[in-house]
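Numbering of ligands and ligand atoms starts at 1, following listing order.
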Amino acid sequence: AANPAAAPSDKEPFWGQHQGGIVTPQQRYTCFAAFDVTTNKRDELIEILKHWTIAAARMSEGRPVYPLDSTKDTEPPADSADVLEISPARLTITFGFGPTLFSKEGVDRFGIARRRPQALVDLPRFNGDQLAADKTGGDISIQACSDDPQVAFHAVRQLARLAYGKADMKWVQNGFTGDGSKGTPRNLMGFKDGTVNPPLNDHAALNKLVWVGSEGDWMRDGSYMVVRRVRIALEHWDRSPLDFQEQVVGRHKYSGAPLGKLNEFDAADLDAADSDGNPIVPDNAHMRLASAAANQGMQILRRGYSYNDGANFTAERWPPWRQEVEFDAGLLFFGYQQDPRTGFIPINHQLAKLDIMNQFITHVGSGIFACPPGAQPGSFIGATLFG
Ligand SMILES: C=CC1=C(C)c2cc3[nH]c(cc4nc(cc5[nH]c(cc1n2)c(C)c5CCC(=O)O)C(CCC(=O)O)=C4C)c(C)c3C=C
Ligand SMILES: [Fe+2]
């Protein structure tokens with residue numbers, strides 16, 4: 001049965017034209033998982049997608065992954081049961097297909113190589129990238145988002161279980177953010193993050209920037225997602241003076257206003273100069289270099305989460321001969337767009353080369369995924385590609 005405690009406002013619709021979790025008002029927690037498909041059989045892959053679709057729809061409703069009485073006592077339970085009495089807390093589950101699903105090492109395992117969209121490019125290497133193989137790529141992505149971290153993890157765990165023996169987890173990353181109902185949440189640098197984003201209720205803007213149109217064949221009404229695990233050197237950041245931090249971002253820390261302005265949502269004046277003729281928003285400020293004005297009008301939809309994976313011991317043999325324990329924490333960046341070739345890639349090339357924030361951040365994980373359109377009841381996620 002559906003969790004009786006789950007009020008309608010605790011549920012986000014699963015079925016629909018678009019997948020949930022893209023323009024859904026951002027939930028507080030995410031559990032992101034990238035899978036590698038281990039079966040080479042197209043029929044088995046389709047079966048997984050069908051099971052995943054039903055399970056995702058049920059879990060979004062606050063139901064167990066399959067009815068609890070659908071398994072015998074001599075079988076493993078249909079659901080791990082750890083969120084049985086808990087609200088879905090606006091759970092959304094968003095699926096994506098990576099380049100390696102279409103062909104891996106030159107092999108077209110599932111007969112879909114010729115249907116790989118041109119927009120699903122392999123991401124280029126960006127200046128300063130230090131990508132770890134065990135936090136990069138994947139054939140299929142699953143992003144669960146919920147206002148309850150236990151619900152998000154539960155969803156990924158059930159979907160992983162349904163695919164045992166046919167798809168393996170490659171990497172998993174949890175993330176969290178502040179309560180959006182209290183204003184734009186802050187990232188671990190202490191700055192409001194997400195101020196300038198396409199408005200989620202502006203259909204014209206979303207159709208132009210986020211959703212794939214009729215040119216996209218089976219991807220119509222889908223979107224391309226780029227994920228980056230970006231480590232922030234918090235020890236370094238926390239020793240940096242406030243005025244420098246503000247110049248790095250290009251905004252005031254506490255108000256979130258663009259430098260030289262008073263309020264968070266004031267428009268930035270990128271041409272303003274001080275009495276010496278120096279730009280008020282520095283030329284190498286993150287906000288300037290990422291802005292639409294500096295990127296031929298291009299904007300992407302950001303849906304970032306902070307992550308905190310504890311700390312690592314670090315030793316450097318050469319000066320300053322230091323040993324210390326450093327936080328393994330940063331920003332789990334998600335960017336959605338109609339086409340990464342005009343969205344994330346040129347923006348990030350510019351940031352990777354010029355952004356003063358690079359003193360503090362390192363991209364250590366990465367992925368690009370084609371998130372297909374939503375599904376209607378009776379159909380499944382990926383039906384436009386495999387159906
Ligand atoms: C390629 C895309 C981007 C990456 C990667 C990225 C990393 C990153 N950003 C912050 C913190 C902030 N970013 C802010 C604005 C902002 N960032 C991007 C793109 C990327 N950021 C864009 C498109 C924008 C909007 C620019 C504009 O038009 O003003 C801000 C300012 C507040 C806001 O608008 O959200 C902050 C703060 C971190 C910490 C980070 C990697 C660790
Ligand atoms: Fe940013």
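- Checked against the 6.0 Å centroid criterion, the rings of Phe344 and Phe333 qualify as a close aromatic pair.
- Between Arg109 and Asp139, at least one side-chain N (NZ, or NE/NH1/NH2) sits under 4.0 Å from a carboxylate O, which counts as a salt bridge.
- Counting the atoms of ligand 1 from 1 in the order shown, those under 4.0 Å from a heavy atom of Phe191 are 37 (C).
- For ligand 1, the atoms closer than 4.0 angstrom to any heavy atom of Leu351 are 1 (C), 2 (C), 3 (C), 4 (C), 20 (C).
- Taking the six-membered ring wherever Trp is involved, the centroid distance between the rings of Phe327 and Trp237 does not fall below 6.0 Å.
- Side-chain atoms of Ile345 and Leu123, non-hydrogen and from C-beta on, do get closer than 4.5 Å to each other.
- Remark: the backbone N or O of Ser181 is paired with a side-chain donor or acceptor of Asp179 at under 3.5 angstrom.
- Among all protein heavy atoms, the one lying closest to atom 23 (C) of ligand 1 is Ala290 O, 3.4 Å.
- Looking from atom 26 (C) of ligand 1 to the surrounding protein, the closest heavy atom is Met287 O, 3.8 Å.
- For ligand 1, the atoms lying closer than 4.0 Å to a non-hydrogen atom of Asn187 are 11 (C), 37 (C), 39 (C).
- The atoms of ligand 1 that sit less than 4.0 Å from any heavy atom of Ile361 are 41 (C), 42 (C).
- Counting protein heavy atoms only, atom 32 (C) of ligand 1 is closest to Lys192 O, 3.4 Å.
- Using a 4.0 Å cut-off between a side-chain N of Lys or Arg and a carboxylate O of Asp or Glu, Asp43 and Lys41 do not qualify as a salt bridge.
- Proximity of the aromatic rings of Phe32 and Tyr305 is defined here by a centroid distance below 6.0 angstrom, and this criterion is not met.
- Under the salt bridge (charged side-chain N to carboxylate O under 4.0 Å, His left out) criterion, the residue pairs touching residues 294-315 are Asp193-Arg302, Arg229-Asp309, with sequence neighbours excluded.
- Interface of Val249 with ligand 1, defined as ligand atoms under 4.0 Å from a residue heavy atom, comprises 37 (C).
- No side-chain N or O of His363 forms a donor-acceptor pair with one of Asp129 less than 3.5 Å apart.
- Of the polar atoms of His363, none of the N or O atoms is found under 3.5 Å from an N or O of ligand 1, judged by distance alone.
- Ligand 1 lies within reach of Gly194, whose nearest heavy atom is under 4.0 Å from it.
- Counting only heavy atoms of the protein, atom 11 (C) of ligand 1 lies nearest to Asp193 OD2, 3.4 Å.
- Of all protein heavy atoms, the one lying nearest to atom 7 (C) of ligand 1 is His286 CE1, 3.8 Å.
- For atom 16 (C) of ligand 1, the closest non-hydrogen atom on the protein side is Arg302 NH1, 3.1 Å.
- One option in Phe360, Phe265, Phe344 has a heavy atom closer to atom 1 (C) of ligand 1 than any other, and that option is Phe344.
- At the shortest separation from atom 42 (C) of ligand 1 among protein heavy atoms lies Val230 CG1, 3.4 Å.
- Side-chain contact between Ser146 and Tyr29 is absent, with no heavy atoms from C-beta onward closer than 4.5 Å.
- Atoms of ligand 1 found under 4.0 Å from any heavy atom of Arg251 (numbered from 1 in listed order, with element): 31 (C), 32 (C).
- The nearest heavy-atom contact from the protein to atom 38 (C) of ligand 1 is Met357 SD, 3.7 Å.
- Numbered from 1 in the order shown, with element, the atoms of ligand 1 that lie under 4.0 Å from a heavy atom of Met189 read 39 (C).
- The proximity of Leu331 to ligand 1, defined as any non-hydrogen pair under 4.0 Å, is limited to the side chain.
- At a threshold of 4.0 Å, the pair Arg322-Glu316 counts as salt-bridged, since one of the basic side-chain nitrogens sits closer than that to a carboxylate oxygen.
- Residues Phe14 and Leu91 fall within the same hydrophobic cluster, defined by Ile, Leu, Val, Met, Phe, Trp and Tyr side chains chained together at heavy-atom separations under 4.5 Å.
- Using a 4.0 angstrom heavy-atom cutoff, Arg288 does not count as in contact with ligand 1.
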